[in-house]
Amino acid sequence: MTDLATLLEVGGPVAALGGGVAYARARHPGVYWSTVGLPVSTVRLLSSYGSVMEACGLTVAPSRLRVLAVKATTRREVRPVPPRRGIIRPTTTGLRVRLRLAPEQEPADVAASAERLRHAWGVHAVYVTTIKPGVVELRLVGFDVLRQVRMPRKLRPDLLRVPVALREDATPFVRDYRTVPHQLTLGATLSGKSMYLRHLVAGLARQPVALVGIDCKRGVELAPFAPRLSALATDPEQAAELLPMLIREMEDRYDLIKARQGITPGTPDEEITSDIWGLPEHERPVPVVLFVDEVAELFLVATKKDEERRDEMVTQLIRLAQLGRAAGIYLEVCGQRFGAELGKGATMLRAQLTGRVCHRVNDEASAKMALGDIAPEAVMAACAIAPERPGLAVAGDTSGGWSRIRTPYLSLGDAARICQELAHLAPDLPALKPFRPDVPTGPVEIPTPVVRPHPVTD
C-alpha cells in the first residue's frame, strides 16, 4: 500500500506536467517551442550533427594534413568531414545555424537533404539560404507558424514597403512596390483575398502615398476606406472616366521628368534622372497606388457599346502597367478569376504584373494563369490550399522563387478606423479631385454582421 500511495503521489504531478506540455504544444506552439522544443532540438543537433551529415551525403574526404594529424595523435578511424558548423542562434520560432561548405559542395546539395534534416532533428521544416559563396544558413522552424499567424515585432516599414503576411519560414512577406511595381492577386470567395487587401490599404495609409480604388462591386470592398482614398470608382462607368485621368497624370509626370532632363554640360550626374525618384524631394510628386478589385468586372461586357468601353479601359490599364512605374504609379490588381477567356488584353496585362499572389482558387486554370508562367511547381501548391485555412496563399514573382504565406487577421472595422484617423494624409491631386469619395462627417461605424466570419488565423 505504501508503494502504491507513493506511486500515486509521484504520478499525479507527472501526468499533470505531461498534460500541460501536450496542451501547450497544441494550443500555444510558441510557448512549447521556447520551453521544450528548443532545448530538445538543440541537443539533437549537437549530438548527431556529424552522423546526420554523413547519412545525408554531405561529408567530404578529409585533407591529407588532417589524416596525418589524426593518425599521429590517436588511433581513431579517419572519418569523412562534415561542413563546418557555426554558432547556433535560437529564435522565437526555431533555430539558425550557418554552414561553411567544402570546395566540392554546393548549396543545392544541402537543400536536397532538407527533408532528412527535418526528421533527424525533430523540427517542423528546414530551409536553406545562401549567405555568400561557400556559406549557407539553415533556418530550422520548430512548429507550423502559419497555423496561428504572429507577425514579427521588429518590423521596419519604409516608403512603399508594407509587411502584409508571414512566410512559412517565419520571415515577413513584405510588399515592396519599389522592387515589384505591379502585382496580380487572385482568390476565390472566402479565401482571404480581402484580408490581404485590407493589410495593404492599412499599411499604405500611414505613408505619404495617394490611394486610388476601382471597386466594381459598388464599392463594398474599398468604400470603408474612403476617408484615406484620393479617388474611388464603384462601377465600370466611373472607372472608364477615372483611368484617363490617371493616364493624364502619368503623362504630366513624364513631362516633369523631361523638363528636369534639360541636361547642360555642367549638370552633376546625380541630377540626371529617368523617373520621379531622381527628382529633388520638393519637386517629386507623391506615389500613386491603384487598387483594382474584381478586375473581371472591367472585362465582362453585355452590349457592343460596353465592348468598346472595355477595350479602352483594358488598353489604359496596360499602359499604366507598362509606363506607370517611372511615374510613381503602381497597380494592385485583384480578382477571383483571371484567364485568357476574359477577352482581348487579359494575357498582355498579366505579363506586366511582376508579382503574383494566389489564394485558394476554384479551378486549376486560374492557378496556372497566376503562377504557371513564373513557377510551374507552385501551381500544385496553390491548388492544395484547403478551405479550412483562409488567408493562406502562394506568393511568387518573375524571378521564379515562390513561398507559402498567410495573412494575419485584421477586422474591417479596424482597417476603416485606421483610414479615418489618417484621412489628413490623403494627398490632394487636382486631376483626381472629381473622383474623391464623399466622406461622412461622423465616425465610421461598421455594422455587426448577422453571421460573424471566422478569422483567417483559425
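- Contact between A370 and R356 at its shortest, heavy atoms only, is O-NH1, 2.8 Å.
- With respect to R337 and D363, a salt bridge is recorded, a charged nitrogen being found less than 4.0 Å from a carboxylate O.
- A heavy-atom distance below 4.5 Å is found between the side chains of L99 and R85.
- K344 has no carboxylate O lying under 4.0 Å from a charged side-chain N of E307, or vice versa, which leaves the two without a salt bridge.
- Between R253 and E249 there is a salt bridge, since a side-chain N of the basic residue sits under 4.0 Å from a carboxylate O of the acidic one.
- A heavy-atom distance below 4.5 Å is found between the side chains of L58 and D109.
- At least one donor-acceptor pair closer than 3.5 Å links the side chain of R406 to the backbone N or O of P390.
- At a threshold of 4.5 Å between non-hydrogen side-chain atoms, the residues K193 and T185 count as touching.
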Candidate pair R248 and E251, rule salt bridge (Lys or Arg N to Asp or Glu O under 4.0 Å), full reasoning
CA-CA 5 Å; R248 186 177 302 175; E251 292 172 348; over 6 Å; no
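- Side-chain contact between L243 and I214 is present, with at least one heavy-atom pair separated by less than 4.5 Å.
- Side-chain contact between V52 and L117: present, with at least one pair of heavy atoms (C-beta onward) separated by less than 4.5 Å.
- Remark: R175 is not positioned above the aromatic ring of F173, lacking an NZ or CZ atom under 6.0 angstrom from the ring centre and at most 45 degrees off the axis.
- Between R284 and E281, none of the side-chain N atoms (NZ, or NE/NH1/NH2) sits under 4.0 Å from a carboxylate O, so this pair counts as no salt bridge.
- Proximity of a side-chain donor or acceptor of E283 to a complementary backbone N or O of P280 within less than 3.5 Å is not detected.
- Within the 4.5 Å cutoff, side-chain heavy atoms of E115 are placed close to those of H119.
- Between the side chain of H359 and the main chain of S191, no donor-acceptor pair closer than 3.5 Å is present.
- Side chain of D215 to backbone of L222: a donor-acceptor contact under 3.5 angstrom is found.
- Counting heavy atoms from C-beta outward, Q148 and F143 have side chains that stay 4.5 Å or more apart.
- At a threshold of 4.5 Å between non-hydrogen side-chain atoms, the residues L160 and V289 count as touching.
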